[in-house]
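Working notes, beginning with the structure itself.
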Amino acid sequence: MKDTENVIQTNAKYHELDAKANIIYKFVMNYNDYIKTARDYGTGEIINMVEVHTLTVIEENPGITVTEVALEWNRTKSAVSKIITKLEKRSLIIRKKEAGNAKNEHLYVTDKGKLLSKAHKDYDIKELTWADKTLRKSFTPEEINLFYKVMQKYTEVLDMPDIEKKEVEVVKHKLKLS
């Protein structure tokens, strides 16, 4: 009988956690589609969110390197290099070698890139203001801020090395036994 009770408890716990996880999965899938959709930010240039945000990081940090962009966005240098190459082919950025060190390439936006970055910022202000206004119809500002704090902490949890996660789990398990 004890095994049957354990199975029932395990299934109940699974379904409880799965229902919460599905909310996150649906959000991530929808947001993933959203950020990959190419759009015109107001300059006639059709570009997706990942590319335009990368452009804006470069615009706000003249001389940044591919490695620094990768660290900023928690992406591999290879993934960022592909985006940088696309931006360069579209004449939105240029690469410059460091004087005395031909190995390091620094990234700068072109005039065309500056215009697009500014248009992107204007677009985001409108879009994010609309999203905030829409959320405020259902939630208080405090609840919305709490959501962002939870998202930040969840991101930190996902960034934890597996060994740290396991150590946290061991401590939690020991606390349950106490």
Side-chain angles (χ1 to χ4, degrees), residues 3-42 45-58 60-61 64 66-87 116-117 119-177:
D3 286 342
T4 303
E5 288 175 17
N6 282 343
V7 168
I8 291 169
Q9 285 179 341
T10 298
N11 284 340
K13 189 65 174 175
Y14 167 78
H15 288 290
E16 174 190 340
L17 294 172
D18 188 54
K20 292 175 183 175
N22 278 329
I23 293 168
I24 296 170
Y25 299 152
K26 287 177 183 177
F27 173 81
V28 168
M29 298 298 252
N30 285 342
Y31 202 76
N32 189 46
D33 291 344
Y34 177 73
I35 66 173
K36 288 183 177 180
T37 301
R39 59 182 51 86
D40 180 351
Y41 286 88
E45 201 64 44
I46 307 298
I47 189 168
N48 72 39
M49 188 187 291
V50 174
E51 294 165 347
V52 79
H53 275 265
T54 302
L55 175 69
T56 296
V57 166
I58 296 165
E60 291 183 345
N61 300 279
I64 194 168
V66 170
T67 301
E68 292 167 333
V69 174
L71 289 170
E72 172 82 18
W73 287 105
N74 197 23
R75 297 283 145 232
T76 65
K77 284 185 358 183
S78 174
V80 171
S81 289
K82 288 176 185 175
I83 295 167
I84 297 302
T85 298
K86 287 180 183 180
L87 296 174
L116 179 54
S117 181
H120 157 246
K121 290 175 184 179
D122 292 340
Y123 181 95
D124 270 8
I125 288 169
K126 289 177 192 165
E127 192 78 9
L128 294 170
T129 301
W130 171 84
D132 187 65
K133 188 176 178 181
T134 302
L135 288 172
R136 286 175 188 258
K137 292 176 183 175
S138 300
F139 303 100
T140 66
E142 293 78 17
E143 290 170 322
I144 294 168
N145 288 335
L146 181 59
F147 165 77
Y148 288 116
K149 284 183 180 179
V150 170
M151 292 296 289
Q152 178 62 44
K153 183 50 84 176
Y154 205 116
T155 301
E156 291 170 16
V157 168
L158 292 174
D159 285 342
M160 288 172 65
D162 286 340
I163 190 70
E164 283 185 41
K165 291 176 189 173
K166 290 175 185 165
E167 288 172 359
V168 168
E169 289 308 311
V170 167
V171 169
K172 285 181 182 176
H173 183 69
K174 287 180 180 177
L175 289 173
K176 279 185 184 177
L177 296 176

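Counting only residues at least two apart or on different chains, the ring pair (Phe, Tyr, Trp, His ring centres under 6.0 Å) pairs with a member in residues 7-28 are F27-Y31. Applying the salt bridge (Lys or Arg N to Asp or Glu O under 4.0 Å) test to residues at least two apart or on different chains, the pairs with a partner in residues 128-139 are D132-R136. Residue pairs meeting the salt bridge (Lys or Arg N to Asp or Glu O under 4.0 Å) criterion with at least one member in residues 47-58, sequence neighbours excluded, are E51-K86, E51-R90. Residue pairs meeting the salt bridge (Lys or Arg N to Asp or Glu O under 4.0 Å) criterion with at least one member in residues 143-153, sequence neighbours excluded: K153-E156.
Just one residue in the list I47, L87, V57 forms a side-chain contact (heavy atoms from CB on, under 4.5 Å) with V52, and that residue is I47.
With rounding to the nearest 0.5 angstrom, the CD1 atom of I83 is 4.0 Å from the OG1 atom of T54. If you take CE on M160 and OG1 on T155, they are separated by 13.0 Å, rounding to the nearest 0.5 Å. Taking CG from L55 and OH from Y41, the interatomic distance works out to 10.5 Å, rounded to the nearest 0.5 Å.
Looking at V80 and T67, their side chains never come closer than 4.5 Å, going by heavy atoms from C-beta outward. Contact check for T37 versus N48: no side-chain heavy atoms found under the 4.5 Å cut-off.
Remark: D18 pairs with N22 by the side chain to side chain donor-acceptor pair (under 3.5 Å) rule, at least two apart or across chains. When the side chain to side chain donor-acceptor pair (under 3.5 Å) test is applied to S81, no partner is found at least two apart in sequence or on another chain. Residues passing the side-chain contact (heavy atoms from CB on, under 4.5 Å) test with N30: none are found, sequence neighbours excluded. Taking I24 as the reference, V28, Y154 meet the side-chain contact (heavy atoms from CB on, under 4.5 Å) condition, with sequence neighbours excluded. The side chain to side chain donor-acceptor pair (under 3.5 Å) check on N145 picks up nothing, with sequence neighbours excluded. Taking the side chain to side chain donor-acceptor pair (under 3.5 Å) definition, one finds that N74 meets it with D159, sequence neighbours left out. Taking K20 as the reference, E16 meet the salt bridge (charged side-chain N to carboxylate O under 4.0 Å, His left out) condition, with sequence neighbours excluded.
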Would you be so kind as to tabulate the donor-acceptor pairs closer than 3.5 Å made by side chains of residues 119-129, with sequence neighbours excluded?
from	atom 1	to	atom 2	distance (Å)
H120	ND1	T56	OG1	2.8
H120	NE2	H53	NE2	3.1
H120	NE2	D124	OD2	3.0
K121	NZ	E59	OE1	2.9
K121	NZ	E60	OE2	3.0
D122	OD2	K118	NZ	3.0
Y123	OH	R39	NE	3.4
D124	OD2	H53	NE2	3.3
E127	OE2	Y34	OH	3.2
T129	OG1	I125	O	2.5

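Of all non-hydrogen atoms in K77 and V66, the two that sit nearest each other are O-CG1, 3.8 Å.
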